[in-house]
Peer 1: 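Have a look at the structure that comes next, please.
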Amino acid sequence: MVRKIGLVVGFTLVVAMVSVMSTAVAQDYPSLSTPPQLEQTGKNDVAVVVGIENYLFLPDVEGVREAVNDWQTFFVDGLGISPENMYILLDSRATREEMRHVVHRAATDVGEEGTLWFVFIGHGAPMVSGEGGVLVGVDAEAEWQILEMRGLRRAELVKALEQGDQARTMVVFDADFGAQSPSGESFLGLRMLTVPYSLVIDEGFERRDSTMLMSAAGDQQVAGLLPGNRRPAFSYVLLGALRGWAATDGEVTLSAAMEYAGRKIEHLEHRQTPYFVGDEDAVLV
């Protein structure tokens with residue numbers, strides 16, 4: 001199923017925060033660097049984390065390195081994924097070719113009882129045809145065709161991930177697909193064609209029922225930063241949800257995690273509506 005998360009007024013995390021998310025005043029956010037107290041179910045899992053803070057020719061995305069470190073802490077110390085089963089591509093390593101290579105390796109390594117995780121934090125862009133989106137590689141330039149040429153198509157990514165024998169696949173896009181910076185400025189100085197909410201319209205996109213996708217922002221929206229903290233907002237609130245902030249009876253489902261994330265980022269400067277594809281009742285942690 002495809003579900004767009006509705007937002008409600010309020011921004012209150014489990015640990016007390018300063019309110020008024022729309023201001024640029026420095027605020028305190030709970031740290032995600034400490035090991036989360038979770039059942040370590042990830043001994044058969046494999047995780048890929050791609051993060052690009054410093055693009056060669058495009059606007060940078062602040063706080064990506066911190067977000068990558070926090071995802072690694074969640075996977076290794078929280079879920080118990082072996083460090084040997086962690087693949088991290090940061091900045092200069094995050095080219096189209098390296099992303100393809102690592103995804104294929106991860107799909108080969110994961111076992112039948114495991115979960116294959118893929119997290120991307122950076123820029124997205126629409127395809128020239130308008131039939132899908134691409135994850136923009138570190139060396140892409142600010143020309144529409146080059147954004148696509150030096151990026152990895154969403155449909156290609158999911159198809160490659162699903163070549164593995166894993167029980168399920170979890171994909172996180174902390175990016176929008178409008179070719180714009182976290183401040184909402186277009187790379188090309190004009191309003192780009194944007195990709196509609198539903199990922200299933202991607203050309204050639206055929207998803208397994210066991211594949212779940214979580215995306216930071218919808219059509220004509222921006223994947224923004226936390227005010228006063230300057231780090232990708234979606235990764236922060238989603239990780240918080242997965243660490244237990246969205247737990248009910250000791251479990252966090254896909255819908256609970258995404259609804260929690262949606263509520264917590266309503267007050268960003270640019271309205272941001274996370275959405276997901278997959279079994280809403282699936283237990284993530």
Side-chain angles (χ1 to χ4, degrees), residues 1-5 48-52 55 57-59 61 64 89 94-100 102-103 117-162 169-182 184-188 190-208 211-224 232-235 238 258 261 270-278:
M1 67 171 293
V2 178
R3 184 169 176 186
K4 186 173 109 177
I5 304 300
V48 178
V49 182
V50 180
I52 309 176
Y55 277 84
F57 307 108
L58 301 177
V61 183
V64 169
L89 297 180
T95 62
R96 178 184 187 180
E97 291 76 16
E98 279 296 304
M99 285 191 281
R100 280 177 166 175
V102 166
V103 165
W117 295 80
F118 178 88
V119 178
F120 177 86
I121 315 168
H123 290 311
M127 293 171 56
V128 175
S129 64
E131 296 175 331
V134 297
L135 309 179
V136 177
V138 66
D139 54 353
E141 298 181 35
E143 295 183 18
W144 197 347
Q145 289 82 358
I146 297 178
L147 290 175
E148 182 173 335
M149 289 172 55
R150 300 307 304 154
L152 181 63
R153 287 178 53 188
R154 288 189 312 209
E156 178 186 354
L157 165 71
V158 174
K159 182 177 180 180
L161 291 169
E162 292 184 338
T169 307
M170 308 295 300
V171 181
V172 176
F173 297 135
D174 194 348
D176 58 64
F177 291 92
Q180 53 198 343
S181 71
E185 298 175 355
S186 170
F187 302 160
L188 306 181
L190 51 87
R191 193 64 182 168
M192 294 287 293
L193 171 69
T194 53
V195 180
Y197 280 112
S198 176
L199 296 181
V200 298
I201 70 161
D202 278 13
E203 183 181 11
F205 187 93
E206 295 182 2
R207 174 186 62 87
R208 289 182 187 172
T211 297
M212 286 156 270
L213 301 100
M214 293 160 274
S215 194
D219 185 25
Q220 299 183 7
Q221 292 184 341
V222 175
F234 182 61
S235 278
L238 180 59
M258 291 297 289
H270 300 279
R271 185 176 178 86
Q272 188 172 334
T273 309
Y275 64 102
F276 69 88
V277 179

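Just so you know, these numbers use all the heavy atoms, side chains as well, and skip hydrogens, waters and symmetry mates.
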Peer 1: Roughly how far, to the nearest 0.5 Å, is CG of Asp176 from CG of Asp219?
Peer 2: 10.5 Å
Peer 1: So for atom CD, which belongs to Glu206, do other residues, nucleotides or ligands contribute more than 12 heavy atoms lying within a distance under 6.0 Å?
Peer 2: no
Peer 1: If we check salt bridge (charged side-chain N to carboxylate O under 4.0 Å, His left out) with Asp202, which of these qualifies: Lys159, Arg207, Arg153, Arg154?
Peer 2: Arg154
Peer 1: Tell me the closest heavy-atom pair linking Pro182 and Val222, and the distance in Å.
Peer 2: O-CG1, 3.3 Å
Peer 1: Between Phe177 and Ser215, is any pair of side-chain heavy atoms under 4.5 Å apart?
Peer 2: yes
Peer 1: Checking the side chain of Trp144 only, and the main-chain atoms of Pro126 only, is there a donor and an acceptor separated by less than 3.5 Å?
Peer 2: yes
Peer 1: Please work out whether the ring planes of Phe120 and Phe118 are parallel, tilted or perpendicular, with thresholds of 30° and 60°.
Peer 2: parallel
Peer 1: Might you point out which heavy atoms bring Ala217 and Ala223 nearest each other, and give the distance in Å?
Peer 2: CB-N, 4.2 Å
Peer 1: Taking C-beta and beyond as the side chain, do Val50 and Leu135 meet within less than 4.5 Å on heavy atoms?
Peer 2: no
Peer 1: Under 3.5 Å, is there a donor-acceptor pair between the side chain of Arg96 and the main chain of Gly151?
Peer 2: yes
Peer 1: State, to 0.1 Å, how close Leu147 and Ala140 come at their nearest heavy-atom pair, and which atoms those are.
Peer 2: CD2-CB, 4.1 Å
Peer 1: Among residues at least two apart in sequence or on other chains, which ones pass side chain to side chain donor-acceptor pair (under 3.5 Å) with Arg208?
Peer 2: none
Peer 1: Between Glu162 and Thr211, does the side chain to side chain donor-acceptor pair (under 3.5 Å) criterion hold? Intermediate values first, please.
Peer 2: CA-CA 8 Å; Glu162 292 184 338; Thr211 297; 2.4 Å; yes
Peer 1: Using modelled atom types and a 3.5 Å cut-off, is there a donor and acceptor pairing between side-chain atoms of Tyr55 and backbone atoms of Val136?
Peer 2: yes
Peer 1: Which salt bridge (charged side-chain N to carboxylate O under 4.0 Å, His left out) pairs, counting each pair once, include a residue from residues 132-141, with sequence neighbours left out?
Peer 2: Asp139-Arg150
Peer 1: To the nearest 0.5 Å, what is the distance between CG on Leu161 and CE on Met170?
Peer 2: 12.0 Å
Peer 1: Check Pro274 against Gln272 and note the closest heavy-atom contact, atom names and distance.
Peer 2: CD-O, 3.4 Å
Peer 1: Test Val138 against Leu89 for side chain to side chain contact (heavy atoms under 4.5 Å, CB included), laying out the working first.
Peer 2: CA-CA 10 Å; Val138 66; Leu89 297 180; over 6 Å; no
Peer 1: Between Phe234 and Val172, does the side chain to side chain contact (heavy atoms under 4.5 Å, CB included) criterion hold? Intermediate values first, please.
Peer 2: CA-CA 10 Å; Phe234 182 61; Val172 176; 3.9 Å; yes
Peer 1: Any chance you could measure Phe276, atom CZ, to Met214, atom CE, to the nearest 0.5 Å?
Peer 2: 9.5 Å
Peer 1: List the steps and the verdict of side chain to side chain contact (heavy atoms under 4.5 Å, CB included) for Asp174 and Val119.
Peer 2: CA-CA 8 Å; Asp174 194 348; Val119 178; 5.7 Å; no
Peer 1: Decide side chain to side chain contact (heavy atoms under 4.5 Å, CB included) for Val134 and Leu152; before the verdict, give the C-alpha distance in whole Å, the side-chain angles of both, and the deciding distance to 0.1 Å.
Peer 2: CA-CA 5 Å; Val134 297; Leu152 181 63; over 6 Å; no
Peer 1: What orientation do Phe187 and His123 show, parallel under 30°, tilted 30 to 60°, or perpendicular over 60°?
Peer 2: perpendicular
Peer 1: Roughly how far, to the nearest 0.5 Å, is CD of Gln180 from CD of Gln221?
Peer 2: 9.5 Å
